[in-house]
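Some notes on the structure that comes next.
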Amino acid sequence: MSHTINHLRKLRLQRSELAVPGSNPEMITKAAAGAADFVFLDIEDAVAPPDKERARRNIIEALNDIDWRAKGKTVSVRINGLDTHYMYRDVVDIMEQAGDRLDTILVPKVGVPADLYMVEAMVNQIEMAKGYKTRVGLEALIETALGMANVEAIAAFGGRLEALHFGVADYAASCKARTVNIGGLNPDYPGDQWHFALSRMTVACRAYGLRAIDGPFGDFSDPEGYMAAARRAAALGIEGKWAIHPSQIELANAVFSPPEKEVTRAKRIIEVLKEAEEQGKGAAALDGKMIDAASERMARNVLVTHEAIEQSARSRQALPN
């Protein structure tokens with residue numbers, strides 16, 4: 001193991017992340033009562049230019065009027081890009097009027113680490129000026145060729161950065177990739193054309209202690225396609241996926257929750273290795289297979305996720321009806 005180890009910066013349960021346009025207050029209210037672990041209120045792509053200011057006001061009202069944390073939700077806002085004239089007002093208004101009610105800001109189309117520096121500097125100043133006791137995290141959307149070319153440097157930014165998300169639609173457009181469905185597979189490609197990008201982003205996340213989140217799957221009438229995409233992402237180490245429709249929430253929660261048999265095996269691995277250690281052994285056998293210290297690290301990953309899910313379930317059960 002290298003002497004340089006970047007531990008997970010912030011543990012948050014993020015199996016499912018529901019995208020909600022800020023221009024639709026009714027959808028925001030429903031999202032607060034839904035089953036998604038994460039909700040991001042969108043002022044960017046899901047909101048037309050004439051509706052940006054109204055959407056921003058809706059989001060501020062929703063952050064202040066709804067107790068998201070009491071409902072067991074992590075709430076984020078996707079601001080507009082740094083190349084627009086909306087972005088600075090998004091950060092200033094939302095942070096000044098509701099910054100102590102917000103968990104993270106999702107920064108779209110991050111291309112270089114300096115993009116995050118700009119947002120972080122603004123958030124730092126507003127938190128200090130307002131005297132907030134809470135700390136808003138940053139998440140970065142990797143959805144351009146430039147962002148993917150610089151993904152390791154972006155992941156190494158540090159500061160408030162907690163997670164990277166893969167924005168497959170804009171990434172496809174940026175690369176001029178031929179795609180038949182947002183997040184779906186092109187039958188002309190022998191396999192998964194998003195594998196390289198997802199894998200590279202995930203490795204960058206794990207190297208620098210960030211959460212890795214997969215983005216949208218556009219065809220919400222195709223649950224099998226969504227689950228297949230989620231399973232491919234989970235196999236790489238990604239821990240959650242966007243839901244652009246409420247019907248996708250439970251699908252994401254199911255795929256990114258360790259099955260009971262996996263949890264049971266993880267507990268057994270730790271027990272067997274502890275017994276082996278007491279006997280002076282560094283490895284052991286379980287069900288005819290060799291297990292060692294690496295097996296224990298994988299087992300503990302499963303159990304950390306399982307405990308976070310259990311804790312979330314207990315918190316929701318404790319909520320008043």
| Pair T74-D103, side chain to side chain contact (heavy atoms under 4.5 Å, CB included): steps then yes or no | CA-CA 6 Å; T74 301; D103 293 307; 3.6 Å; yes
| So, K109 and D45, do they make that salt bridge, N to O below 4.0 Å? | yes
| query | Is the distance between the ring centroids of F40 and W242 under 6.0 Å? | reply | yes
| said: Using a 3.5 Å distance criterion without hydrogens, assess whether the side chain of E127 forms a donor-acceptor pair with backbone atoms of V136. | reply: yes
| Modelled atom types, side-chain donor and acceptor of R54 and N58, under 3.5 Å | yes
| request: Taking all non-hydrogen atoms of both residues into account, name the closest pair between I244 and F220 and its distance. | output: CD1-CD2, 4.4 Å
| task | Kindly give the heavy-atom pair with the smallest separation between I249 and A35, and that separation in Å. | result | CG2-C, 3.6 Å
| query | Does K267 come within less than 4.0 Å of E262, counting only side-chain N to carboxylate O? | reply | no
| Does any non-hydrogen side-chain atom of R265 lie less than 4.5 Å from one of L286? | yes
| task | Please work out which of the three classes, parallel, tilted or perpendicular, describes the rings of W194 and F166, given edges at 30° and 60°. | result | tilted
| request: Without swapping roles, check the side chain of N80 against the backbone of H85 for a donor-acceptor pair under 3.5 Å. | output: no
| task | Taking only Lys NZ, Arg NE, NH1 and NH2, and the carboxylate oxygens of Asp or Glu, determine whether R300 and E296 approach each other closer than 4.0 Å. | result | yes
| With distance as the sole test, does R78 use its side chain to make a donor-acceptor pair with the main-chain N or O of L106 at under 3.5 Å? | no
| message | I'd like to check E44 versus Y86 (side-chain heavy atoms, cut-off strictly below 4.5 Å). Are they in contact? | response | no
| Within-4.5 Å side-chain heavy-atom neighbours: L273 and E271 | no
| note | In short, S16 meets D37 closest at the heavy-atom pair OG-N, 3.1 Å
| said: Are there over 12 heavy-atom neighbours, none belonging to E26, within less than 6.0 Å of that residue's CD? | reply: no
| field | Cationic N near anionic O, under 4.0 Å, E152 to R200 | value | yes
